[in-house]
Amino acid sequence: MALDDNIYEIRREKLKKIEALGQPAYPRKYNFSHTVPQILGEYGGQTAEELEAPRVNVRVAGRIMAIRLMGKAGFAHVQQDGQRLQIYVKKDAVGDAGFELWKLLDLGDHIGVRGYLFRTRTGELSIHAEELTFLSKDLLPLPEKWHGLQDVELRYRQRYVDLVMNPEVREVFLKRSKLVQSLRRYFDAQGFVEVETPMMQPMAGGAVARPFKTHHNTLDMDLFLRIAPELYLKRLTVGGFDRVYEINRNFRNEGIGWRWNPEFTMLEAYQAYTDYLGILDTTQASIEQAVQDVTGGTKTKWGEDEIDWSHGNWRRMTMREAITKFWPEKADATPTREDFATHEGVKALVDRVRGAGVNLAYDAAEPVGKTVAALFEAIAEEHLVQPTIIYEFPTAVSPLSKQKPDEPDWTERFEMFAGKMEVANGFSELNDPEDQRRRFEAQLKERERGDEEAHQMDEDYIRALSYGMPPAGGVGVGLDRLAMLFTDSHTIRDVILFPLLRPEKQVAAEDAEKTEK
RNA sequence: GGGCGCGUAGCUCAAUUGGCAGAGCAACUGACUCUUAAUCAGUAGGUUGAAGGUUCGAUUCCUUCCGCGCUCACCA
């Protein structure tokens with residue numbers, strides 16, 4: 001999309017005229033006395049009489065979002081922090097030069113207004129302007145004033161315009177900020193230390209995913225953007241950080257969809273001397289607190305549904321229980337505990353589920369546990385709208401978690417679901433270096449079998465474990481997805497300020513031409 | 001990657017069976033000293049995403065490409 005040369009040039013001319021009036025085109029600062037929200041908060045309840053004696057003198061800065069000129073007077077709405085305040089500009093009050101400036105202002109310009117508060121004939125709290133200060137020019141026209149910016153692509157590409165025009169978008173990101181703030185406060189209060197571990201790693205480990213690859217020139221070395229901070233954080237528990245956490249980005253070179261963005265934010269935490277149930281309690285409590293901090297209550301709207309995050313509403317069930325509970329009616333007999341133990345048993349379950357019309361891939365060569373996990377996702381996940389903890393995961397899909405003492409095919413691992421999304425994943429951390437080596441070797445076999453996402457051998461990590469890692473529970477929480485749940489956003493792109501999009505090729509070319517001239 | 005859909009003025013949207021490409025807002029000129037979707041009078045604004053094809057004639061039909069959305073597969 002080309003810049004509108006016509007409007008752009010007209011506004012540049014106006015800017016020159018503003019300079020000719022003695023106002024700098026790009027001034028350095030404006031000493032405001034109040035923000036717009038402060039004025040609305042402090043004086044929104046006062047009557048016209050109360051505002052008259054004594055007069056309330058204010059200086060306010062903001063962006064012009066509506067403007068109505070009427071000969072020798074006019075009104076405008078100035079927006080700051082997403083809120084709007086009306087100003088009344090009269091030639092008698094601002095003087096000839098002030099009024100010349102007023103006539104050169106456009107929608108989108110930033111101005112400073114000095115004046116006193118009053119109520120208009122229709123009762124709206126306004127500033128009776130006595131002095132206007134030009135602060136910055138909007139050279140490009142803002143979108144249409146009552147439909148705002150609707151085009152989804154433009155909203156993501158030009159998020160700055162989206163934020164100016166659509167107050168609800170601003171709200172979403174304020175809530176996201178509160179969410180992160182709340183979690184950080186909670187973990188800090190529990191004695192966790194916030195750290196930052198490498199995002200560029202020689203080997204991308206700690207999760208099952210395909211990484212992005214990059215290259216360091218001086219070292220002439222390939223590096224991978226991390227898919228998880230897990231292995232570094234656990235090295236830190238070896239080093240004596242008994243409670244550590246990190247809030248930052250992970251990168252996974254995989255599909256994009258309503259729940260997936262190539263870069264996403266996770267909170268990952270490790271707590272020594274506890275197991276998966278201990279870290280689960282910590283996680284659940286932190287989320288219950290976050291809902292309170294972000295929304296002021298315990299319930300959030302989720303499309304047609306309402307999610308109740310209050311403590312008593314969380315369900316807990318094992319993966320096997322969930323599969324049984326949500327077993328499709330048409331799939332005949334519900335599974336027994338024995339069915340999950342053998343290839344034959346699981347194959348029979350898959351056949352019955354497929355017979356019920358459920359789409360489920362099956363590979364006889366893959367470990368039984370992988371199939372069970374796929375089975376769970378196929379039939380149970382869609383029922384998990386209310387906060388639900390699913391625990392006990394197959395060892396085959398959990399190469400970094402401790403096995404159950406009595407059932408080595410199953411691990412002490414949980415995932416938290418809400419709104420049909422996986423939101424958190426935690427487990428009793430495997431700290432036996434020899435077992436860890438065997439798990440990596442099993443993953444290497446999966447890799448040879450063609451699974452590009454299977455975990456690689458990490459010798460340094462095994463060395464770290466060999467120095468002795470305390471027993472610990474660890475968890476990763478998907479903050480983007482929590483933000484989605486707390487803001488009723490049904491695509492992850494609505495909670496990421498600048499989601500990944502293909503580049504605008506045409507504009508790039510046109511802009512290059514423009515700069516050359 | 002597969003399937004479906006969308007792309008028209010800066011923004012939000014129209015355009016009959018294939019028959020002169022339009023409106024509102026924004027912009028420009030003028031009037032207006034309490035308006036709030038301000039009003040009134042006038043003006044300007046387009047390679048209909050791109051390229052090609054069919055046709056006397058294409059926004060409309062066909063092909064390819066680009067971008068976006070939804071969905072399936074994979075993934076958290």
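To find a chain, count down the sequence lines: A is the first, B the second, and so on, and within it residues start at 1. Because only heavy atoms are used, hydrogens play no part in the values below, and waters and symmetry mates are left out as well, while side chains stay in.
- Each of A:H77 and A:L107 lies near RNA chain B, and the nucleotide nearest A:L107 is the one positioned closer to the 5' end.
- Note: CH2 (A:W102) to P (B:C34) measures 13 Å, nearest angstrom.
- The same atom, P, is picked in B:G46 and in B:G10; the two are 8 Å apart, to the nearest Å.
- When the P atom is used for both B:G1 and B:A26, the distance is 43 Å, rounded to whole Å.
- Neither OP1 nor OP2 of B:U33 sits under 4.0 Å from any side-chain N or O of A:K91.
- On the P atoms, B:U8 is 15 Å away from B:C68, given to the nearest whole Å.
- Note on A:G148: only backbone sugar-phosphate atoms sit closer than 4.0 angstrom, heavy atoms only; bases stay farther off.
- B:G5 is paired with B:C68 under the Watson-Crick or G-U wobble criterion, all donor-acceptor distances under 3.5 Å.
- Between A:R157 and B:C68 there is a side-chain N or O to OP1 or OP2 distance below 4.0 Å.
- Between A:F75 atom CZ and B:U33 atom C1' the separation is 9 Å, expressed in whole Å.
- The side chain of A:N6 contributes no N or O atom lying less than 4.0 Å from OP1 or OP2 of B:C28.
- Residue contacts shown for A:N425 are absent, as no nucleic acid heavy atom lies under 4.0 Å away.
- Look at A:R502 and you'll find a side-chain N or O under 4.0 angstrom from OP1 or OP2 of B:G67.
- Protein atom CG of A:D451 is 11 Å distant from nucleotide atom C1' of B:C75, rounded to whole Å.
- When distances are taken from the side chain of A:M70 to each of B:C75, B:G10, B:C34, the shortest belongs to B:C34.
- In the set B:C34, B:C25, B:G10, the nucleotide with an atom closest to the side chain of A:P141 is B:G10.
- Picking from B:A73, B:C68, B:U12 the nucleotide with the shortest atom distance to the side chain of A:L149 gives B:U12.
- At the heavy-atom level, A:V423 lies nowhere under 4.0 Å from the strands shown.
- No side-chain donor from either of A:N248 and A:R226 sits under 3.5 Å from a side-chain acceptor of the other.
- Counting heavy atoms from C-beta outward, A:Y43 and A:L125 have side chains that approach closer than 4.5 Å.
- Remark: side-chain polar atoms of A:N166 are not paired, donor with acceptor, to backbone N or O of A:L163 under 3.5 angstrom.
- Checked against B:U71, B:U35, B:C11, the side chain of A:W258 finds its nearest nucleotide in B:U71.
- Distance, A:R121 CZ to B:U33 P: 13 Å, rounded to whole Å.
- Comparing the P positions of B:C61 and B:G7 gives an interatomic distance of 10 Å, to the nearest angstrom.
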>> What verdict does the side-chain hydrogen bond (donor to acceptor under 3.5 Å, both in side chains) test give for A:T371 and A:E366, after you've listed the backbone C-alpha separation in whole Å, the side-chain angles of each residue and the deciding distance to 0.1 Å?
In response: CA-CA 7 Å; A:T371 312; A:E366 74 183 5; 2.8 Å; yes

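- In this structure, A:N261 reaches the bases: a heavy-atom distance under 4.0 Å links it to at least one base atom across the strands shown.
- For B:U33, the OP1/OP2 oxygens have no side-chain nitrogen or oxygen of A:K103 closer than 4.0 Å.
- Closest to the side chain of A:E254, from the set B:C75, B:A26, B:U33, is B:C75.
- Distances from the side chain of A:K145 to the nucleotides B:U12, B:A26, B:U33 place B:A26 closest.
- Looking at heavy-atom distances under 4.0 Å, A:E153 makes contact with sugar-phosphate atoms alone, never a base.
- Atom OH in A:Y156 sits roughly 18 Å away from atom P in B:G67 (whole-Å rounding).
- Atom CD1 of A:I64 and atom CD1 of A:I87 lie 6.0 Å apart (nearest 0.5 Å).
- Across the protein-nucleic acid pair, A:E377 atom CD and B:A73 atom C1' stand 13 Å apart, rounded to whole Å.
- The same atom, P, is picked in B:U48 and in B:C20; the two are 15 Å apart, to the nearest Å.
- Side-chain nitrogen and oxygen atoms of A:K14 include at least one within less than 4.0 Å of the OP1 or OP2 phosphate oxygen of B:C28.
- Taking the P atoms as reference points, B:C56 lies 32 Å from B:A14, given to the whole Å.
- Within a 6.0 Å sphere centred on CZ of A:R249, other residues, nucleotides and ligands contribute 12 heavy atoms or fewer.
- Of the candidate nucleotides B:U35, B:C28, B:U33, B:U33 has the atom nearest to the side chain of A:K72.
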>> Pair A:Q150, A:H147 - check side-chain hydrogen bond (donor to acceptor under 3.5 Å, both in side chains), show working.
In response: CA-CA 7 Å; A:Q150 304 282 325; A:H147 292 97; over 6 Å; no

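- Between A:I7 atom CD1 and B:C11 atom P the separation is 10 Å, expressed in whole Å.
- In this structure B:G19 sits in a base pair with B:C56, meeting the Watson-Crick or G-U test at under 3.5 Å.
- Considering only heavy atoms from C-beta on, A:Q86 comes within 4.5 Å of A:R68 through its side chain.
- Comparing the C1' positions of B:U59 and B:C6 gives a spacing of 14 Å, expressed to the nearest Å.
- Each of B:A26, B:U33, B:G24 was ranked by its minimum atom distance to the side chain of A:E144; first place goes to B:G24.
- With RNA chain B read from its 5' end, the first of the two nearest nucleotides for A:D106 and A:G71 is the one closest to A:D106.
- Spacing between B:U60 and B:U43 at atom C1', rounded to whole Å, works out to 31 Å.
- Among the protein residues, A:D151 comes within range of the sugar-phosphate backbone only, with heavy atoms under 4.0 Å from sugar or phosphate atoms but none that close to a base.
- Of all non-hydrogen atoms in A:L15 and A:A25, the two that sit nearest each other are CD1-CB, 3.8 Å.
- Among the heavy atoms of the strands, none lies under 4.0 Å from A:F99.
- Nucleotide B:U48: unpaired (no Watson-Crick or G-U wobble partner with both distances less than 3.5 Å).
- Side-chain atoms of A:E124 and A:H77 form a donor-acceptor pair, as typed in the model, at a separation below 3.5 Å.
- For the pair A:M165 CE and B:C25 P, the interatomic distance rounds to 15 Å; values are reported in whole Å.
- A:E124 contributes no side-chain N or O that forms a donor-acceptor pair with the base of B:U35 under 3.5 Å.
- For A:R68, a side-chain nitrogen or oxygen approaches OP1 or OP2 of B:A38 to under 4.0 Å.
- Base pairing analysis places B:U33 opposite nothing; no Watson-Crick or G-U wobble pair with both distances below 3.5 Å involves it.
- Within 4.0 Å (heavy atoms only), A:R210 reaches no atom of the nucleic acid at all.
- Nucleotide B:U43 is matched to B:A27 when pairs are restricted to Watson-Crick or G-U wobble geometry with both distances under 3.5 angstrom.
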